[in-house]
Each structure stands twice: as structure tokens, then as C-alpha cells.
Amino acid sequence: MFVQRLSVAAAAALMLLSINACSRDSGPTLAAPDAYAQAQSGTLTLIDIRRPDEWRQTGVAKDALRINMAHPQGVSGFVQQVAAELGGDKNAPIGLICRTGNRTTQMQRVLREAGFTQVYNIKEGMAGSGAGPGWIARGLPVEPCTHC
């Protein structure tokens, strides 16, 4: 009986450690309306990390920087471009957006590993996901990107 309880306790402890490890790996998130409000108030820089063909297809969140995560110089080129756009300030709040939040999760981790301290994931993305209906469905402003 003691062994069974110990096993259950050990399993529970491992599960909690796993949950905490996942929580540390995934960074902070923002809902699209919150990200928009912060960007409009000047307290957050929005960055759309999708490809130019996606920008042309749906438009880009109002005032978002367009930095393709598939940078010609790879991940380091992406990180360097983000840093340049922020004037080298790795403590500046950044909100990453893609189509559905999958790619932003990856690039949030990359930027955090590169020393950026306030990288937020807009997990619902432009098109929506399990995290929310998305920028477009929420009726948030979009700028056309015909010459991207």
C-alpha cells in the first residue's frame, strides 16, 4: 500500500514538474484586442512574422511591423532585424502575431533565448485558433499589403 501511494505521489510530482516546465517554455500571451490597445497606446510593438504572400492575402494588423520569420539570413537574421527595429532595446515589449499562433510560439522562444525580455504571443493570430477568434474576426483594423 505504501509503495502504491509513493508511486501515485511520485507520478503526481512528475506531472506537476512537467506542467511547470511547459509553463516556463511558453511565454506570456495577449488576446488580440489587448495587443491592439497596447500598440495604439505606444506600449507594445506589434510584429507580424508571416510571409509576404500571407500579408497580401489578409492584410496586416494596423501599425504592425512586417518581419518574415523565414528571413533570408535564417533565425539570426530574424533576431537581428527585430533588434534593429527596436533600436537594440531587448526590454521593449513585443507582440508577435502569425496566422494561428503556432509560429509565434516558436519565434517567441527564439527571441527570449536571444535575450529579449518582454515577448508576448498573440496566440489567436490573424485567423483565429483555440485561443480566440483572431484579429480579423474580432474586427480589429487591418492594413492592406499589396506591395509586400
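Keep in mind the model is a prediction, meaning the values are calculated, not measured.
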(message) For V79 and V110: C-alpha separation, side-chain torsions, deciding distance, then whether side-chain contact (heavy atoms from CB on, under 4.5 Å) applies.
(response) CA-CA 8 Å; V79 170; V110 164; 3.7 Å; yes
With the side chain counted from C-beta on, respond yes when [X] and [Y] share a heavy-atom pair under 4.5 Å apart, and no when they do not.
X	Y	value
R138	P33	yes
I67	E85	yes
M126	V142	yes
Q118	R112	no

(message) Using a 3.5 Å distance criterion without hydrogens, assess whether the side chain of T45 forms a donor-acceptor pair with backbone atoms of I94.
(response)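 No, the answer is negative, given that no donor and acceptor are paired below the 3.5 Å cut-off.
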(message) Looking at K90 and A114, would you say the former's side chain and the latter's main chain have a donor-acceptor pair under 3.5 Å?
(response) yes
Which heavy-atom pair separates [X] from [Y] by the least distance, and what is that distance?
X	Y	result
V119	L111	CG2-CB, 4.0 Å
G59	R50	O-NH2, 2.9 Å
G101	N121	O-ND2, 3.8 Å
L46	A35	CD2-CB, 4.1 Å
S129	E124	OG-CA, 3.4 Å
N68	P52	ND2-CD, 3.4 Å

Common cluster, [X]/[Y], ILVMFWY with side-chain heavy-atom separation under 4.5 Å:
X	Y	result
L44	I49	no
M69	I97	no
Y120	Y36	yes
L140	I122	yes
L65	V82	yes

Distance check, rounded to the nearest 0.5 Å: [X] atom [atom1] versus [Y] atom [atom2]?
X	Y	atom1	atom2	value
T104	R109	OG1	CZ	10.5 Å
Q57	R51	CD	CZ	8.5 Å
C98	Q108	SG	CD	11.0 Å

(message) Strictly by ring pair (Phe, Tyr, Trp, His ring centres under 6.0 Å), give each pair with a member in residues 49-104 just once, sequence neighbours left out.
(response) none
(message) Holding to side-chain contact (heavy atoms from CB on, under 4.5 Å), I want the full list of residues that pass it with Q80, two or more places apart in sequence or in another chain.
(response)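 Per chain and number, Q80 pairs via side-chain contact (heavy atoms from CB on, under 4.5 Å) with no residue.
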(request) Could you tell me which residues satisfy side-chain contact (heavy atoms from CB on, under 4.5 Å) with D34, sequence neighbours excluded, listed by chain and number? (result)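 Per chain and number, D34 pairs via side-chain contact (heavy atoms from CB on, under 4.5 Å) with L30, A31.
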(request) Verify the distance criterion only: is there a donor paired with an acceptor across the side chains of N91 and T117 at less than 3.5 Å? (result)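 Result is yes, a qualifying pair exists.
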(request) Could you tell me whether the side chains of T58 and R99 share a donor-acceptor contact shorter than 3.5 Å? (result)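 Side chains of T58 and R99: no pair found under 3.5 Å.
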(request) For R103 and E54, run salt bridge (Lys or Arg N to Asp or Glu O under 4.0 Å): C-alpha distance rounded to whole Å, both residues' side-chain angles, the deciding distance at 0.1 Å, then the answer. (result) CA-CA 13 Å; R103 290 174 281 180; E54 293 176 286; 2.8 Å; yes
